[in-house]
Visitor: 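Starting off with a structure, shown below.
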Amino acid sequence: MNEETWNAVDSYVEAVLVPQDAALLEATRRSAAAGLPSIAVTPAMGRLLHLLARMQGATRILEIGTLGGYSSIWLARALPKGGRLVTLEADATHAGIAQANLRESGLEDYVDLRIGQALETLPVLEREAAGPFDLVFIDADKPSSPEYFEWALKLSRPGTAIVVDNVVRGGRLAQPGTGDAGVDAMRDMTELIGREPRVTATIVQTVGAKGYDGFLLALVS
Ligand code: SAH
Ligand code: DHB
Ligand code: MG
């Protein structure tokens with residue numbers, strides 16, 4: 001099984017189950033034209049986030065790492081009227097593209113985009129009592145993931161679902177001492193979750209258009 005096969009299956013899934021409409025395609029086009037890195041979730045993963053939000057009956061969603069707002073569109077489209085996605089982005093250029101993409105998608109009223117280092121904006125959300133969130137999607141700088149997970153827990157309630165992207169890192173998750181700060185952080189986070197009695201979690205390995213990676217899914221009790 002090789003990358004060509006993974007790509008073919010992702011294309012098949014997209015064609016049959018996850019058609020992208022003009023707003024999603026335009027968001028990807030605008031992000032690429034602005035020189036943003038092409039590291040947004042795949043359509044299949046975007047649909048999974050959307051489904052999880054609906055299964056949660058989510059009215060409040062927190063996303064850490066907006067980029068051009070591609071995953072934000074999938075998440076915000078799961079919200080009912082009056083629902084809110086709070087999304088945190090450190091890079092002002094990324095945030096500007098995301099704002100444009102969200103506006104063009106008609107989702108402006110559903111999304112509260114906060115520009116700044118997430119470790120600085122998360123305490124602000126706590127002070128504002130912006131939580132508890134029904135779903136948290138962690139997808140920003142990988143070395144901070146353990147801290148983001150702690151913040152997600154702090155802003156949660158029993159029943160909150162937490163998703164962390166890019167935890168498997170081409171399989172390096174299983175290797176101690178790689179010296180890669182992102183991998184080491186995902187191991188630290190996984191092990192802290194393993195010791196956390198309030199959380200039931202698993203990691204699902206994925207292959208597809210973005211190679212070999214995986215996500216963590218946790219439920220707060
Ligand atoms: N969730 C997006 C992809 C996010 S890529 C999607 O799937 O469409 C990761 C993003 O996290 C980048 O835009 C990067 O600028 C942002 N980021 C990196 N460090 C950050 C920090 N400390 N605080 C907030 N955002 C950060
Ligand atoms: C990177 C970040 C991501 O969120 C992702 O899905 C893939 C790659 C990165 O920083 O390289
Ligand atoms: Mg990611």
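In this chain, residues are counted from 1 in sequence order. These values consider heavy atoms only, across backbone and side chains, with no hydrogens, waters or symmetry-generated copies. Keep in mind that what you see is a predicted model, and the values were worked out from it rather than measured.
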Visitor: Kindly write out the residues that satisfy side-chain hydrogen bond (donor to acceptor under 3.5 Å, both in side chains) with D91, not counting sequence neighbours, or none if the list is empty.
Guide: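 side-chain hydrogen bond (donor to acceptor under 3.5 Å, both in side chains) list for D91, sorted by chain: empty.
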
Visitor: For P37, give me all partners under side chain to side chain contact (heavy atoms under 4.5 Å, CB included), at least two apart in sequence or on another chain.
Guide: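 With neighbours one apart ignored, the set is I39, L67, H94.
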
Visitor: Consider only side-chain heavy atoms of I, L, V, M, F, W and Y, link residues closer than 4.5 Å, and tell whether I162 and M55 are in one cluster.
Guide: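 Different clusters.
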
Visitor: To check you understand the geometry: which heavy-atom pair defines the closest contact between F133 and I61, and what is its length?
Guide: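 Smallest heavy-atom distance, with atoms named: CD2-C, 3.5 Å.
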
Visitor: If you count every heavy atom of other residues, nucleotides or ligands that lies below 6.0 Å from R54 atom CZ, does the total exceed 12?
Guide: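 No, the 6.0 Å shell around CZ holds no more than 12 heavy atoms from other groups.
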
Visitor: For the CD atom on E4, are there more than 12 heavy atoms of other groups (residues, nucleotides or ligands in this structure) within a distance under 6.0 Å?
Guide: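 Result for CD/E4: open.
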
Visitor: Distance-only, no hydrogens or angles: does the R47 side chain make a donor-acceptor pair with backbone N or O of E14 under 3.5 Å?
Guide: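 Side chain of R47 to backbone of E14, a donor-acceptor pair under 3.5 Å: no, none is there.
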
Visitor: I'd like to know if D21 pairs up with R77 as an ion pair, taking the criterion as any Lys NZ or Arg NE/NH1/NH2 lying under 4.0 Å from an Asp or Glu carboxylate oxygen.
Guide: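 Salt bridge: yes.
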
Visitor: Hey, are R157 and D134 close enough for a salt bridge, meaning a charged N less than 4.0 Å from a carboxylate O?
Guide: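 Yes.
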
Visitor: Dump the intermediate steps for side chain to side chain contact (heavy atoms under 4.5 Å, CB included) on I64 and L122, then the final yes or no.
Guide: CA-CA 9 Å; I64 308 178; L122 286 161; 4.1 Å; yes

Visitor: Is a donor on one side and an acceptor on the other found under 3.5 Å between the side chain of Q56 and the backbone of G159?
Guide: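 Such a contact is found between Q56 side chain and G159 backbone.
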
Visitor: What pairs with E26 under side-chain hydrogen bond (donor to acceptor under 3.5 Å, both in side chains), at least two apart in sequence or on another chain?
Guide: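 Applying side-chain hydrogen bond (donor to acceptor under 3.5 Å, both in side chains) to E26 gives R29.
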
Visitor: Considering the options D213, D184, D180, which one meets the salt bridge (charged side-chain N to carboxylate O under 4.0 Å, His left out) requirement together with R172?
Guide: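 Running salt bridge (charged side-chain N to carboxylate O under 4.0 Å, His left out) over D213, D184, D180 with R172 returns exactly one hit, D180.
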
